[in-house]
Amino acid sequence: MANQEDVFKKVISHAKEYGYVFQSSEIYDGLSAVYDYGQNGIELKKNIREYWWQAMVQLNDNIVGIDAAIFMHPTTWKASGHVDAFNDPLIDNKDSKKRYRADVLVEDHVAKIEAKIHKEVTKAAKRFGDSFDKEQFLSTNQRVLDYQAKADDILKRLGKSLENEDLADVKALIEELEIACPLSGSKNWTDVKQFNLMFGTKLGASADSAMDLYLRPETAQGIFVNFLNVQKTGRMKIPFGIAQTGKAFRNEIVARQFIFRMREFEQMEMQFFIKPGTQQKWYETWKEKRLNWHLSLGMGEENYRFHDHEKLAHYADAAADIEFKFPFGFKELEGIHSRTDFDLASHEEYSGKKLQYFDPEENKSYVPYVLETSIGLDRMFLAVFSNSLQEEELENGTTRTVLKLPAVLAPTKAAILPLLKRDGLPEIAHKLIDDLKWDFNVIYDEKDAVGRRYRRQDAAGTPFCVTVDHQTLEDETVTIRHRDTMEQQRVALSEVKDIISKKVDMRYWLQRI
Ligand code: GAP
């Protein structure tokens with residue numbers, strides 16, 4: 001089996017080869033951690049965004065959407081805590097001159113310990129066969145228990161030192177664990193320092209009157225500052241939510257994982273405004289709802305897990321990540337945060353404007369609490385894309401590369417293929433395209449033998465191929481070939497639209513939530 005690094009390299013090269021993701025400004029040798037989406041990438045991204053939007057806004061009568069500007073008044077970021085606390089602890093290796101996030105170095109070390117546990121489990125599963133009880137093994141095997149205790153201790157200490165801003169202890173931890181620079185192997189480290197992740201810019205023409213601005217590092221604050229506008233104009237009653245998708249910018253230091261961690265990326269966030277004291281209930285509710293949204297795409301229950309935060313962000317009283325199994329292991333895909341009244345109360349204080357809700361049931365006003373769900377669109381793209389890319393051994397001994405994107409998200413739903421470029425077959429294919437293109441994206445392909453065309457569409461992620469052949473001339477039937485099973489189905493031309501529509505319709509998928 002290919003190792004993780006090879007699998008990830010394959011994901012990156014396939015994304016480029018099939019028009020999904022390109023390095024930004026590639027002709028100038030690219031810009032680090034900035035990417036462009038190609039002709040297929042934009043469609044997949046748009047479909048993911050729409051799948052999220054429908055689940056959030058269209059299907060919940062108490063959630064509405066907005067689109068706030070990227071530029072915001074600079075005091076926003078003072079109030080939100082980003083000016084003072086949106087920092088990463090950084091450490092430099094004196095020999096390689098490479099800069100790292102100190103917490104990531106420690107977490108990567110812990111991931112190696114966890115990999116050892118996984119290895120023990122795999123070994124034992126092989127040894128015990130069908131009688132293997134994983135839960136029992138994990139809770140009784142001494143070696144596993146020792147590894148687990150070690151991992152837990154390290155994370156606990158890291159959480160505590162970060163919370164107490166004890167950066168000297170973070171460095172001490174790195175030294176005690178004998179963590180080496182992944183590039184040079186050197187253990188010659190500088191002290192750990194804090195580094196603010198926001199990009200600064202200026203608004204205005206002349207140097208003296210220009211105002212210092214930040215590119216927003218999250219979309220959430222655009223929602224908070226519009227809380228009353230939306231609540232009043234929409235006559236919203238608590239509990240209610242405001243959803244938004246849009247670009248965010250962070251000057252990330254560790255940015256070597258393709259579109260997993262970018263400097264310019266897109267978020268899909270929802271702030272749910274609730275009565276103070278009900279946050280625990282809503283926290284559990286949204287954790288479950290969001291996991292179900294992910295599971296509805298059918299990418300394997302085993303590829304998701306929750307990770308509860310030890311170290312809470314400055315605004316949260318509880319937080320968990322939904323982690324996904326990326327080619328480089330389980331990593332954060334989405335965050336669910338109980339943000340208390342931190343943001344609204346702080347904006348009240350800094351703006352001097354009341355941001356309160358009058359609760360008719362309680363007959364009093366209060367600053368609502370907030371439950372947030374926040375997912376990176378690009379990170380979701382990577383989850384879907386990497387999970388879908390598969391190499392399959394076929395019965396005839398050959399292999400095929402197939403991008404098994406959930407059909408609802410696939411950029412092109414069907415390729416229409418005339419078996420030959422003559423005998424009136426292309427005309428029928430074009431007529432079918434003219435009919436289908438009103439409902440979903442279709443593509444025409446007449447080049448090469450039909451088998452090669454199937455392979456091309458498999459690799460591009462197209463879930464259906466419709467082949468027009470000589471029998472079509474006789475009885476108006478065509479073949480629908482299914483990407484995942486390679487099954488072929490003879491159907492009436494008039495049925496094609498219905499058959500494919502059902503399989504790609506968001507309604508069909510979202511009903512599983
Ligand atoms: N408003 C809360 C917030 O922004 P976060 O955990 O910092 O929370 C939320 O970010 C999500 O945004 C993450 O779970 C991840 O999916 C995505 N994200 C964060 N930083 C990112 C980056 N540099 N590149 C791509 N996606 C990112």
Side-chain angles (χ1 to χ4, degrees), residues 21 24 31-35 37 45 48-49 52 68 70 72 76-77 79-82 85-88 101 103-104 195-199 214-225 241-272 283 286-287 290-291 293-294 304-324 326 328 330-340 342-344 346-347 370-386:
V21 185
S24 155
L31 190 62
S32 158
V34 187
Y35 291 89
Y37 288 88
K45 200 175 167 196
I48 296 173
R49 192 192 293 112
W52 181 87
I70 289 174
M72 297 185 70
T76 309
W77 306 111
S80 67
H82 283 82
F86 194 51
N87 300 317
D88 273 348
R101 260 178 62 179
D103 55 334
V104 172
F195 173 83
N196 195 290
L197 297 182
M198 283 195 294
F199 282 106
Y214 296 104
L215 296 183
R216 67 180 177 197
E218 62 172 13
T219 57
Q221 298 305 322
I223 294 180
F224 290 124
V225 300
I242 304 179
Q244 173 169 222
T245 70
K247 286 275 171 108
F249 304 83
R250 295 182 188 178
N251 199 357
E252 297 284 1
I253 297 308
V254 182
R256 41 190 159 95
Q257 285 163 320
F258 191 38
I259 56 172
F260 180 81
R261 200 180 299 284
M262 303 157 88
R263 299 204 162 104
E264 174 182 340
F265 58 102
E266 190 164 337
Q267 286 187 315
M268 306 192 286
E269 298 201 297
M270 196 277 298
Q271 317 297 133
F272 202 65
Y283 177 62
W286 278 106
K287 271 174 75 172
R290 292 304 303 147
L291 183 63
W293 180 84
H294 287 283
Y304 300 86
R305 70 181 188 195
F306 280 114
H307 166 76
D308 294 319
H309 284 205
E310 293 270 335
K311 179 192 179 237
L312 292 171
H314 58 275
Y315 51 74
D317 73 354
D321 296 334
I322 295 177
E323 292 189 338
F324 184 76
F326 288 96
F328 36 83
F330 272 101
K331 294 274 178 210
E332 172 185 350
L333 172 57
E334 168 157 11
I336 291 118
H337 313 127
S338 171
R339 292 184 79 127
T340 68
F342 173 85
D343 303 85
L344 288 180
S346 185
H347 285 304
V370 170
L371 207 289
E372 166 184 75
T373 72
S374 176
I375 175 168
L377 175 50
D378 314 84
R379 209 171 272 190
M380 181 64 192
F381 183 113
L382 181 59
V384 171
F385 193 89
S386 58

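All ligand and atom numbering here is 1-based and tracks the order in the structure.
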query = Which atoms of ligand 1 have any heavy atom of R339 under 4.0 Å away?
reply = 1 (N), 2 (C)
inquiry  = I'd like to check which ligand 1 atoms, numbered from 1 as shown, lie under 4.0 Å from a non-hydrogen atom of E334.
reply    = 14 (O)
key: side-chain contact (heavy atoms from CB on, under 4.5 Å) partner of D321, chosen from K331, H309, E334   = H309
inquiry  = Considering non-hydrogen atoms of the protein only, which is the closest contact for atom 13 (C) of ligand 1, and what is the distance?
reply    = E332 OE2, 3.2 Å
note = For F260, the ligand 1 atoms with a heavy-atom partner under 4.0 Å come out as 24 (N), 25 (C), 26 (N)
ask   = Which residue and non-hydrogen atom of the protein lie closest to atom 24 (N) of ligand 1, and at what distance in Å?
value = M262 N, 2.8 Å
message = Counting only heavy atoms, tell me which of R250, R216, M380, Q257 gets closest to atom 4 (O) of ligand 1.
response = R250
query = Measuring from L382:CG to L377:CG, what's the distance to the nearest 0.5 Å?
reply = 11.5 Å
task = Report yes or no: does L333 have a heavy atom closer than 4.0 Å to ligand 1?
result = yes
task = Step by step, work out the side chain to side chain donor-acceptor pair (under 3.5 Å) result for T219 and E269.
result = CA-CA 7 Å; T219 57; E269 298 201 297; 2.7 Å; yes
message = I need the single residue from F385, F265, F381 that forms a ring pair (Phe, Tyr, Trp, His ring centres under 6.0 Å) with Y37. Which is it?
response = F381
inquiry  = Among all the protein's non-hydrogen atoms, which is closest to atom 26 (N) of ligand 1, and how far away is it?
reply    = F265 CD1, 3.5 Å
Contacting atoms of ligand 1, where contact means under 4.0 angstrom from a heavy atom of G376 = 11 (C), 12 (O), 15 (C), 16 (O), 17 (C)
request  = Would you kindly specify which portion of R261 sits under 4.0 Å from ligand 1, judged on non-hydrogen atoms: side chain, backbone, both or neither?
outcome  = both
message = Any nitrogen or oxygen of E252 lying under 3.5 Å from a nitrogen or oxygen in ligand 1? Just yes or no.
response = yes
task = Considering heavy atoms of the protein only, find what lies nearest to atom 12 (O) of ligand 1 and give residue, atom and distance to 0.1 Å.
result = Q267 NE2, 3.3 Å
note = Per-atom filter on ligand 1: closer than 4.0 angstrom to a heavy atom of E269 are 1 (N), 2 (C), 3 (C), 4 (O)
note = Between the CE atom in M262 and the CG atom in L31, the distance rounded to the nearest 0.5 Å is 11.0 Å
inquiry  = Would you say that more than 12 heavy atoms from the other residues, nucleotides or ligands in this model lie under 6.0 Å from the CZ of F86, or not?
reply    = yes
query = Of all the non-hydrogen atoms in the protein, which one sits nearest to atom 9 (C) of ligand 1, and at what distance?
reply = S374 OG, 3.0 Å
remark   = Near E218 (heavy-atom distance under 4.0 Å), the atoms of ligand 1 are 1 (N), 2 (C), 3 (C), 4 (O)
task = State whether the shortest distance between N or O atoms of P217 and N or O atoms of ligand 1 falls below 3.5 angstrom.
result = no
inquiry  = Side chains of I70 and F249, heavy atoms from C-beta outward: is any pair under 4.5 Å?
reply    = yes
inquiry  = So if I count the atoms of ligand 1 from 1 in the order they appear, which ones are less than 4.0 Å from some heavy atom of E372?
reply    = 1 (N), 2 (C)
ask   = Does a side-chain heavy-atom distance below 4.5 Å link M380 with H294?
value = yes
inquiry  = I need the R250 CZ to R261 CZ distance, nearest 0.5 Å.
reply    = 9.0 Å
query = Does the cation-pi check pass for R290 over W293, that is, NZ or CZ under 6.0 Å from the six-membered ring centre and within 45° of its axis?
reply = yes
ask   = Non-hydrogen atoms of H337 versus ligand 1: any pair closer than 4.0 Å?
value = yes
inquiry  = Test side-chain contact (heavy atoms from CB on, under 4.5 Å) on Y35 and E264; report intermediate values, then the result.
reply    = CA-CA 8 Å; Y35 291 89; E264 174 182 340; over 6 Å; no
